[in-house]
Amino acid sequence: MAQKIVIIGNGPAGMSAAGAARLSDRTAEVIVIDTKEYDTFHPCAMPFVIGGYLPSVDTIIEKLAYERSKIQLHKQSFVEHVDTNKKELQFKDDENKLQTITYDKLILCTGSKVFVPPIPGKDLENVFSLKFAEDAEAIKKAISTSLARKIVIIGGSAIGIEVSSELSHLGKEVTIVEMEPQLMPFKISKSLAGTIKTKLEELGIIIHAGMMVKEIIGEEKVKKVCIGSEGAEQVIEADVVVLATGVRPNIDLAEKMGVKLSKLRAIEVNEKMETSIRAVYAAGDCVSVNDIVTKKTSLALLAGPAVRQGRVAGINAAGQEATYPGSVNSFIVSSRFFFVGIAGITSEQADELGVETVSSSITAPIIPHYMPDSKEITIRMIAQLDDGKILGAEVIGEEKVEANVNYVAMALQTGLTVYDLMNIDFCYAPAVSETIYPIVKVADAIIRKISRKKQRAKK
Ligand SMILES: Cc1cc2nc3c(=O)[nH]c(=O)nc-3n(C[C@H](O)[C@H](O)[C@H](O)COP(=O)(O)OP(=O)(O)OC[C@H]3O[C@@H](n4cnc5c(N)ncnc54)[C@H](O)[C@@H]3O)c2cc1C
């Protein structure tokens, strides 16, 4: 008899799991259940809808070819209860009727939930968070009136940065308030955070780092935001507030099912994306992952890992074999004007781990200086002092940031050293590259530093 694979959640992880399950077992019944009223949307493109780079939210909402693939999708449906002994679950369907279905394999792809700190005034009109397409549409509508001039973004991480640079492009007065002393705290080095701050300030964005939001003030609608550090409070005018205060793994259902959670309050999975309960898999923002560089448990909370994990969960649930080794924490933040990317760890994180490292930073042209439109890129790389093993890099520039982050991601996953990078057969033509790539130049600088340090130690 054909097996029944049920997937809860149709975000990037759920879609990937459904596709992989279908391809791995052509006869299986594949059922997906999700809360959204549309098939799917592209969350990572929401800042571009808000800023008008994409014309409307309809651009990022899509219909899936599930019927052709014989995948059943229950939209506007919410799974309330799973009985893992009976292998059955109950969900409220789009007509609010309770349906019960059985499964042979279950994949939890319940994603993440927006974290809204308990700030007084957070429920006022024109205060938004950003998770679903409807949120992007609501923000777009609120900012489209000429009365919405002053926008306060609470949270200075990736989403806060992307949304603020889009809004500043629209000519809005944008302020970012970040409670930690730097932008993208715990993600990037202090020095790169300083560079991003300068670049955003050049766009006219005001940044208050190290400032807590005490209150969002208004009657019906938001009017002001009160922020403060110890002993000093400040009130900023605000017509619209966007809460870019992060997300947390959505473990509501997993917790009720008794699935084992990691200490980061996410679903614990093994390399096959199996949970602690037999025949139950999980993937995406709701799981914790192995950090390949630090060997610690971490949260990826990104679409790329979600898709890779979903594929592995789908293949294994269907009875084939695949493994997910973990993440090297590579990501990129895009603004209209520059890109920032990182893979691996920063010097500060290496210090915390007690690893002795050497780092170097270079700014070099991507294509030869004599070519038209030659642009520079800045790469800061760190490697272990003893053997030159690459531990991470931060990249900032207007072009090829993703390519360089990807080189580093591959180096980290394959355990390459700075010495290995010197001999990689990178291709060359003046229209696309330098003979010596910036990434090789920075590796070379690290090699020289390591050699000097080792020579000094010998004396
Ligand atoms: C503005 C923004 C920009 C982003 N930019 C990037 C980027 O540039 N790059 C990147 O890699 N990542 C980015 N991300 C993060 C990325 O969107 C997430 O990591 C990704 O969506 C996670 O996919 P997921 O399938 O695990 O979860 P989700 O996308 O959260 O999907 C989970 C789905 O499960 C449904 N669900 C949950 N519980 C139930 C239930 N009980 N019953 C039925 N359905 C349920 C939810 O309603 C949801 O539809 C961005 C996120 C945002 C908000």
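Atoms considered below: every heavy atom in the structure, side chains included; atoms not considered: hydrogens, waters and symmetry mates. Order of appearance sets the numbers: ligands from 1, and atoms from 1 within every ligand.
- Among Gly14, Ser112, Pro43, the residue whose heavy atom lies nearest to atom 17 (O) of ligand 1 is Pro43.
- Of all protein heavy atoms, the one lying nearest to atom 25 (O) of ligand 1 is Ala13 N, 2.9 Å.
- Cation-pi geometry between Lys36 and Phe41 is not satisfied (NZ or CZ under 6.0 Å from the ring centre, within 45° of the ring normal).
- Of all the heavy atoms in Thr297 and Leu264, the pair that sits closest is O-CD1, 3.4 Å.
- From the protein, the heavy atom lying nearest to atom 50 (C) of ligand 1 is Cys44 SG, 4.0 Å.
- Summarising the geometry of Glu321 relative to Asn316, their closest heavy-atom pair is CA-OD1, 3.4 Å, with the distance given to 0.1 Å.
- In Phe91, neither the side chain nor the backbone holds a heavy atom less than 4.0 Å from any atom of ligand 1.
- Nearest non-hydrogen protein atom to atom 48 (C) of ligand 1 is Asp34 OD2, 3.6 Å.
- In the displayed structure, Glu237 atom CD is contacted under 6.0 Å by at most 12 heavy atoms of other residues, nucleotides or ligands.
- With hydrogens and angles ignored, the 3.5 Å screen pairs a side-chain donor or acceptor of Asp104 with a backbone N or O of Lys4.
- The protein heavy atom nearest to atom 37 (C) of ligand 1 is Thr110 O, 3.4 Å.
- When hydrogens are left out, the protein atom nearest atom 34 (O) of ligand 1 is Gly9 CA, 3.2 Å; that is the closest non-hydrogen contact.
- By heavy-atom distance, the residue among Asp135, Leu301, Ile332, Val287 lying nearest atom 15 (C) of ligand 1 is Leu301.
- Among Gly11, Ala303, Pro12, the residue whose heavy atom lies nearest to atom 21 (O) of ligand 1 is Pro12.
- Judged purely by distance below 3.5 Å, without hydrogens or angles, the side chains of Lys131 and Ser112 pair a donor atom with an acceptor atom.
- No donor-acceptor pair closer than 3.5 Å links the side chain of Glu394 to the backbone N or O of Ile342.
- Listed by atom number, the atoms of ligand 1 under 4.0 Å from Ser77 heavy atoms are 43 (C).
- If you number the atoms of ligand 1 from 1 as listed, the ones under 4.0 Å from a heavy atom of Asn250 come out as 37 (C), 38 (N).
- Expressed to the nearest 0.5 Å, how far CE of Met184 lies from CD1 of Ile196 amounts to 5.5 Å.
- Within ligand 1, counting atoms from 1 as listed, the ones closer than 4.0 Å to a heavy atom of Cys109 are 32 (C), 33 (C), 34 (O).
- Considering backbone and side-chain N/O atoms, Lys36 comes within less than 3.5 Å of an N/O atom of ligand 1.
- Assignment of Cys286 to the shell around ligand 1 is not supported, since no heavy atom sits closer than 4.0 Å.
- A donor and an acceptor atom, one from each side chain of Thr346 and Gln349, are located under 3.5 Å apart.
- In summary, the atoms of ligand 1 found under 4.0 Å from a heavy atom of Phe132, numbered by their order in the structure, are 47 (O), 49 (O).
- Counting the atoms of ligand 1 from 1 in the order shown, those under 4.0 Å from a heavy atom of Ile33 are 43 (C), 44 (N).
- Near Gly284, meaning under 4.0 Å from any of its heavy atoms, are these atoms of ligand 1: 26 (O).
- Heavy-atom contacts of Leu130 reach the following atoms of ligand 1: 1 (C), 53 (C) (cutoff under 4.0 Å).
- With no hydrogens or angles considered, a side-chain donor-acceptor pair links Ser347 and Arg380 at under 3.5 Å.
- Polar contact check, Leu253 against ligand 1: no nitrogen or oxygen pair lies under 3.5 Å apart.
- When every heavy atom of Ala244 is checked against every heavy atom of Ile153, the shortest pair comes out as CB-CG2, 4.1 Å.
- Polar contact with ligand 1: absent for Ala306 (N/O pair, distance under 3.5 Å).
- With a 4.0 Å heavy-atom cut-off, ligand 1 is reached by the backbone of Thr35 and by its side chain too.
- Salt bridge status for Lys63 with Asp39: present, with a side-chain N to carboxylate O gap under 4.0 Å.
- Residue-level proximity to ligand 1 for Ile8 is carried by the side chain, the only part with a heavy atom below 4.0 angstrom.
- Phe426 and Tyr437 have parallel rings, their planes meeting at less than 30° on a 0 to 90° scale where 60° marks the start of perpendicular.
- Less than 4.0 angstrom separates some heavy atom of Gly111 from each of these atoms of ligand 1: 26 (O), 27 (O), 28 (P), 30 (O), 32 (C).
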